Amino acid sequence: MADEKFEVTKRQDFSDSDLLEILNGKSDFEELQNQAVSVRKRVYGNEVFIRGLIEFSNICKNDCLYCGLRASNNKLERYRLSKEEILACCEQGYKAGCRTFVLQSGEDMFYTDDEMCRLIYEIKTQYCDCALTLSVGEKSHGTYKAYFNAGADRYLLRHETASAKHYKTLHPSSMSSENRKRCLFDLKEIGFQVGAGFMVGSPYQTNENIVEDVRFLQELNPAMIGIGPFVAHHATPFADFKNGSVKKTLVLISLLRLLFPYALIPATTALGSLEKEGYIKGVQAGANVLMPNISPFFAREKYAIYDGKIYGQNDASKSIAYLSEKLESVGYTIVVGRGDWPTTNCYTMFNGL
Ligand code: 5AD
């Protein structure tokens, strides 16, 4: 046990050159994965948390160069769910066992703070045993505070890349890495469980950039870390770039599990889209969260962030039953529960295990 602890502690202190060695594919993935699985087992056992994902609007004012929802993609049919439609998703999701709902959208300026807050309040009063996660982009401190006061618990905002220079190559000049990071620190200060993350293999990304991502995550110490491979979308300036690697994403999931033993790490849709049952591989690499899509069917295919995104042909109950069966077959179990982040100080708590 003492040795095991030492090993894990040592693992938490990867130097830049250790990280680069791993990212250059020079280390043994199986070894890394085994360590990640053993850390994950000690913290979360075999449990996998599910989050019901509701993609409630694909309208976006931003023009990110990688994303199919970008404002200048005028080929995309846009939609926005009504409050009733959103609540119907929650009802279905709840019956299927979801105790976290994730409201995700493009940066749709239609929703005023008051309107969002009313929606948050209504979901939280109807489903008081559930956590509510928002993923609606960059807002002011005041707006985040209003969302939090209305009852939202968590917020997902990938930092996309920690390097200001790399960030500029992925986004229009109206956006900055500085503001993205400001949002994340504001969210954390307000009291949200915060999720950050990045794409693996995004255009112009270097392994040095990924090292910066790791260091930024260590500074932020988020509750959730979402990573997935970049996947090209035909109607974006990055249409001809090659997709990110599934293998490298899995390596990074294992690495992140070792660095952040308590983090809630999803096996993301992008992973599942590039490889059949990629999300199972994600769990086997150290992920402990799955986010089944519980949006209405008509909306799913319109939320086309990248080409070949899996939409899921099943309603909430069927897709969760399917995931559950798949996971059971490899020794994991879906939990009906909020699946909160257990601590704000992972390092201390983990060493005390
Ligand atoms: N490939 C993979 N992931 C993407 N995202 C946006 N566009 C793509 C793409 N082409 C990710 C971004 C964003 C999240 C909602 O989806 O990281 O934060």
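Remember, it's 1-based here, ligands and their atoms both numbered in the order they're listed. Being a predicted model, the structure only gives us computed values, none of them experimental.
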Would Phe101 and Met116 show up in the same hydrophobic cluster when neighbours are defined by side-chain heavy atoms closer than 4.5 Å? yes
Same apolar cluster: Met199 and Val289, side chain cutoff 4.5 Å: no
Arg99 to Tyr94, cation-pi by 6.0 Å centre distance and 45° axis angle: yes
Between ligand 1 and Met199, can you find any atom pair, the residue atom being a heavy atom, that is separated by under 4.0 Å? yes
What residue and atom, counting heavy atoms only, is the protein's closest point to atom 8 (C) of ligand 1, and at what distance? Ile305 CG2, 3.4 Å
Does Lys83 have more than 12 heavy atoms from other residues, nucleotides or ligands lying within 6.0 Å of its NZ? yes
Could you list which atoms of ligand 1 come closer than 4.0 Å to a heavy atom of Cys67? 7 (N)
Counting non-hydrogen protein atoms only, what is the nearest one to atom 18 (O) of ligand 1? Give residue, atom name and distance. Glu160 OE2, 2.5 Å
Looking at Leu264 and Trp341, what are the two nearest heavy atoms and their distance? CD1-N, 3.6 Å
Give a yes-or-no answer on whether the side chains of Gln193 and Asp340 include a donor-acceptor pair shorter than 3.5 Å. yes
Among non-hydrogen protein atoms, atom 2 (C) of ligand 1 lies closest to Pro229 O, 3.3 Å
Measure from atom 10 (N) of ligand 1 to every heavy atom in Thr269, Val231, Asn243 and give the option owning the shortest one. Val231
Cut-off 3.5 Å, no hydrogens considered: what does the side-chain donor-acceptor table look like for residues 49-58, sequence neighbours left out?
{"from": "Arg51", "atom 1": "NH1", "to": "Thr100", "atom 2": "OG1", "distance (Å)": "3.3"}
{"from": "Arg51", "atom 1": "NH1", "to": "Arg338", "atom 2": "O", "distance (Å)": "2.6"}
{"from": "Arg51", "atom 1": "NH2", "to": "Gly339", "atom 2": "O", "distance (Å)": "2.9"}
{"from": "Glu55", "atom 1": "OE1", "to": "Asn293", "atom 2": "ND2", "distance (Å)": "3.1"}
{"from": "Glu55", "atom 1": "OE2", "to": "Lys309", "atom 2": "NZ", "distance (Å)": "3.1"}
{"from": "Ser57", "atom 1": "OG", "to": "Ile59", "atom 2": "N", "distance (Å)": "3.1"}
{"from": "Ser57", "atom 1": "OG", "to": "Asp108", "atom 2": "OD2", "distance (Å)": "2.7"}
{"from": "Asn58", "atom 1": "OD1", "to": "Tyr79", "atom 2": "N", "distance (Å)": "2.8"}
{"from": "Asn58", "atom 1": "ND2", "to": "Glu77", "atom 2": "O", "distance (Å)": "3.0"}
{"from": "Asn58", "atom 1": "ND2", "to": "Lys302", "atom 2": "O", "distance (Å)": "2.9"}

Any atoms of ligand 1 less than 4.0 Å from a non-hydrogen atom of Arg158? List them with their elements. 11 (C), 12 (C), 17 (O), 18 (O)
Does ligand 1 have an atom that lies less than 4.0 angstrom from a heavy atom of Gly197? no
Does an N or O from Tyr306, backbone or side chain, lie closer than 3.5 Å to an N or O of ligand 1? no
Any N/O pair Gln104/ligand 1 closer than 3.5 Å: no
Residue part near ligand 1, for Cys64, under 4.0 Å between non-hydrogen atoms: neither
Do the rings of His171 and Tyr167 sit parallel, tilted or perpendicular, given the 30° and 60° boundaries? parallel
